[in-house]
Amino acid sequence: MKEYLARLFEQLKNNLNYLEEVEISFNVPQNSVNGDYSTNVAMMLAKKLKRAPREIASEIVENLQIDKNILEKVEIAGAGFINFFFTPSFVAGITKTILEKGESFGRFDTYKGKKANVEFVSANPTGPLTVGHGRNAVLGDTIANLLEWIGYEVDREYYFNNAGRQMRVLGESVKARYLQLLGKEIDFKEEYYQGEYIIDIAKNLFEKHGDKLIDEPAEGIFKDEAEKEIFENIKNTLRKINIEFDTFFNEKSLYDSGKIDSVLKIFKEKKLSYEKDGATWLKLTELGQEQDKVIIKSTGEPTYRLPDIAYHSTKFERGYDLMVDIFGSDHMATYPDVLAGIEALGFDKNKVKVIIHQFVTIMENGEIIKMSTRKANFVTLDELIDEVGKDVVRYFFNMRSYSSHMNFDLTLAKKQSDENPVFYLQYAHARISSILRTVKDEGLQSSVENLELLNSESEQNLLKHLHRFPDEVFYAAVNYEPHKIANYLEQLAALFHKFYTECRIIGSEKKLAEARLALIIATQTVLKKGLSILGVSAPERM
RNA sequence: GCGCCAGUAGCUCAAUCGGAUAGAGCAACGGCCUUCUAAGCCGUAGGUUAGUGGUUCGAGUCCACUCUGGCGUACCA
């Protein structure tokens with residue numbers, strides 16, 4: 001429909017030159033009395049042309065070469081909107097398009113041949129993933145799905161650091177627990193990781209090695225074993241919600257490959273770094289930032305900035321056209337420095353898109369739980385998945401805009417998981433499957449021969465909404481907004497349920513039944529594909 | 001103090017980058033199953049979009065200030 005309108009206006013530009021002046025866009029009005037699509041060009045032009053918007057609108061409408069079989073009427077309304085109403089038979093024809101395109105309906109090859117990298121989760125292996133990581137994980141994976149839908153070849157990447165202070169403390173924590181198991185009196189310091197899982201790791205070590213490890217350094221087998229077990233645990237958790245990474249990128253490799261040194265050298269050559277108080281500083285003030293920052297501490301250890309910059313430069317060198325970083329809002333302050341560093345190295349920082357999502361607040365029994373991995377008062381993602389299931393988790397994190405804070409009432413989620421809107425969507429899908437099963441026994445088959453019979457209000461509304469699916473996918477993808485898909489699907493399910501209540505298939509006149517069957521097959525296709533973008537399953541029965 | 005994100009129905013959140021009468025779900029109340037799945041449908045009620053000004057044909061959306069909450073503001077990551 002939109003394409004038709006766009007073509008219509010393209011022709012019109014020959015007659016009305018002033019249309020070249022503005023970008024013509026078509027929107028779906030909130031209220032259907034204002035048409036299927038609407039444009040505000042007349043109002044946009046009013047100021048430039050110094051003419052009344054309604055006058056411009058009527059001039060445009062008079063000059064449109066309208067095909068009466070496609071457009072039923074064109075109206076001028078309100079302050080100067082031009083509203084378009086399509087004919088029911090044209091709308092019904094959409095079914096055919098969807099069935100013909102099938103699985104590829106809604107897919108684009110706009111970015112075919114382009115490579116994208118989506119980096120997400122990237123939690124260091126110091127403990128199990130929390131519910132907070134869950135939002136990051138689901139958001140990242142779904143954005144990756146969306147990018148694939150518009151043609152990108154996507155790599156999912158997990159960046160981690162298994163060196164440094166955090167990991168040292170982790171090793172010490174495990175060793176302390178191990179010594180406690182051997183009956184030693186140990187001061188279990190406050191800075192240690194307090195979680196139960198540390199004890200489990202220590203127990204495993206004890207079972208395998210007895211007391212032989214008593215003189216081993218904390219940074220040796222204790223740290224290594226902890227890292228291994230925790231990483232296994234993290235991967236298992238992610239697998240449960242269908243997330244698989246293509247690459248696990250170890251920060252350490254940046255040192256081994258000499259990447260850190262070479263970046264450092266470039267900064268020195270470009271005179272963007274200097275020594276002060278025994279540390280090496282990066283001249284961020286020359287790169288448009290507020291203040292200079294330390295990249296190598298006086299101890300000789302780099303801060304996170306240097307490896308992060310080096311890491312991102314490898315992404316450019318690996319040939320990505322688009323790099324998406326998914327961070328929680330606690331990383332807010334880090335990325336401008338990194339982007340400035342990248343730019344200083346001569347890379348185009350516009351190819352990096354940073355998505356900062358807001359935090360998840362967990363409520364349990366009316367109380368807010370403050371999360372900290374070290375203090376171990378977190379709720380693990382694993383527990384949540386076991387409690388409410390994969391689909392609920394994926395849907396829940398996908399249904400809200402990433403920029404809004406999220407409240408998760410655990411008590412409610414556990415008790416009332418039936419109320420989750422995800423079931424509403426899945427139910428629509430299962431209902432269609434059920435009809436198809438029943439119809440099969442009756443020997444009825446779908447047909448696109450008499451689609452014009454789909455002219456009732458609920459059929460037409462369903463059809464129009466189905467038609468918007470590709471637009472929604474594209475919009476959601478280029479804006480990195482998975483929640484648009486969730487909203488779209490909820491509306492689609494609502495329109496289907498309404499159709500289901502008002503229009504019967506079995507018992508209807510044969511031609512009508514056949515056309516309606518085609519319609520619900522198209523609906524099911526879109527539901528299924530939409531759910532697959534979100535990573536939610538589409539059950540045949542419920 | 002400064003920076004970023006937010007503040008919308010009792011609760012959780014939408015609102016197609018400034019569009020028309022601000023919408024869903026949950027919770028509340030009232031209807032609809034001898035016919036394809038009632039995890040559904042229909043209806044009622046619920047709002048000065050935190051506040052005050054401004055910009056214009058038009059503001060929940062943009063600007064300024066104020067209030068409230070979250071996250072930052074490291075030689076932690």
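Within every chain, numbering begins at 1; the chains are lettered A, B, ... in the order of the sequence lines, protein sequences first and strands thereafter.
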A/Q445 atom CD, over 12 foreign heavy atoms within 6.0 Å
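No, CD of A/Q445 has 12 or fewer neighbouring heavy atoms, counting only those of other groups under 6.0 Å.
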What is the distance from [atom1] of [X] to [atom2] of [N], rounded to the nearest Å?
X      : N     : atom1 : atom2 : result
A/E502 : B/A38 : CD    : P     : 15 Å
A/F396 : B/G25 : CZ    : C1'   : 12 Å
A/R135 : B/U12 : CZ    : C1'   : 13 Å
A/F359 : B/C4  : CZ    : P     : 18 Å
A/Y488 : B/C13 : OH    : C1'   : 21 Å
A/I505 : B/U37 : CD1   : P     : 10 Å
A/I432 : B/C36 : CD1   : P     : 16 Å
A/Q358 : B/C13 : CD    : P     : 12 Å

Intermediate values then yes/no, side-chain hydrogen bond (donor to acceptor under 3.5 Å, both in side chains), A/E227 and A/N162:
CA-CA 8 Å; A/E227 177 186 339; A/N162 60 352; 3.0 Å; yes
If only side-chain N and O atoms count, and only distance matters, is there a donor-acceptor pair under 3.5 Å linking [Y] with [X]?
X      : Y      : result
A/E119 : A/S122 : yes
A/E172 : A/Y193 : no
A/H133 : A/T130 : yes
A/H483 : A/N398 : no
A/S456 : A/E502 : no

Return the nearest nucleotide to the side chain of [X]; candidates are [options].
X      : options             : value
A/S434 : B/C57, B/U12, B/C36 : B/C36
A/R431 : B/C75, B/C5, B/U37  : B/U37
A/K297 : B/C76, B/A77, B/C41 : B/C76
A/D330 : B/C36, B/C71, B/A24 : B/C71
A/Q166 : B/C75, B/A77, B/G40 : B/A77
A/M406 : B/C13, B/C75, B/G72 : B/C13
A/H497 : B/C36, B/G72, B/C41 : B/C41
A/T501 : B/G40, B/A24, B/C4  : B/G40

So what does [X] touch, heavy atoms closer than 4.0 Å: a base, only the sugar-phosphate, or nothing?
X      : result
A/A333 : sugar-phosphate
A/R541 : base
A/D471 : nothing
A/Y304 : base
A/E540 : base

If we take the [atom1] atom in both [N] and [M], what is their distance in whole Å?
N     : M     : atom1 : answer
B/G18 : B/G7  : P     : 16 Å
B/U68 : B/G10 : P     : 22 Å
B/C62 : B/C76 : C1'   : 38 Å
B/G47 : B/A24 : P     : 16 Å
B/A27 : B/G58 : P     : 42 Å
B/G25 : B/A9  : C1'   : 12 Å
B/A59 : B/A20 : P     : 10 Å
B/G23 : B/G46 : P     : 14 Å

If only atom types and distance count, is the side chain of A/Y488 paired as donor or acceptor with the main-chain N or O of A/H465 below 3.5 Å?
yes
Judged by atom type as modelled, is there a donor-acceptor pair below 3.5 Å linking the side chain of A/W281 to the main-chain atoms of A/K276?
yes
I'd like to know if A/H405 reaches the base of B/G69 with its side chain, counting only an N/O donor and acceptor under 3.5 Å.
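Present.
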base_contact_polar (B/C75 base, A/S298 side chain, donor-acceptor, <3.5 Å)
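Checked by distance alone, the answer is yes.
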Closest-nucleotide ordering on RNA chain B, the 5'-leading residue of A/K47 and A/P302:
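Closest to the 5' end, via its nearest nucleotide, is A/K47.
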Considering every strand shown, what is the Watson-Crick or G-U wobble mate of [N] when both distances are under 3.5 Å?
N     : result
B/A6  : B/U68
B/G40 : B/C32
B/G60 : none
B/G18 : none
B/C11 : B/G25

Could you check if the base of B/C33 is syn or anti? Syn means the glycosidic torsion is within 90 degrees of 0.
syn
Report yes or no: is the cationic atom of A/R431 (NZ for Lys, CZ for Arg) under 6.0 Å from the centre of the six-membered ring of A/Y500, at an angle within 45° of the ring normal?
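That pair qualifies as a cation-pi contact.
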Reading 5' to 3' through nucleotides 14-20 of chain B, protein heavy-atom contacts under 4.0 Å coded B for base, S for sugar-phosphate only, - for none:
SSBB-BB
Heavy-atom contacts, protein to nucleotides 45-50 of chain B, under 4.0 Å, summarised as B (base), S (sugar-phosphate only) or - (none) per nt, yield ------
Taking all atoms of both residues into account, what is the closest heavy-atom pair of A/P53 and A/M43, and its distance?
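Heavy atoms of A/P53 and A/M43 come nearest at CB-CG, 3.9 Å.
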For a side-chain contact (heavy atoms from CB on, under 4.5 Å) with A/Y480, tell me which candidate from A/L146, A/V324, A/L139 qualifies.
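The passing option is A/V324.
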Side-chain N or O of A/K498 less than 4.0 angstrom from OP1 or OP2 on B/C42?
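Affirmative; the distance criterion is met.
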Would you mind listing every salt bridge (charged side-chain N to carboxylate O under 4.0 Å, His left out) that reaches into residues 390-401 of chain A, with sequence neighbours excluded?
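Listed by first then second residue: A/D141-A/R394.
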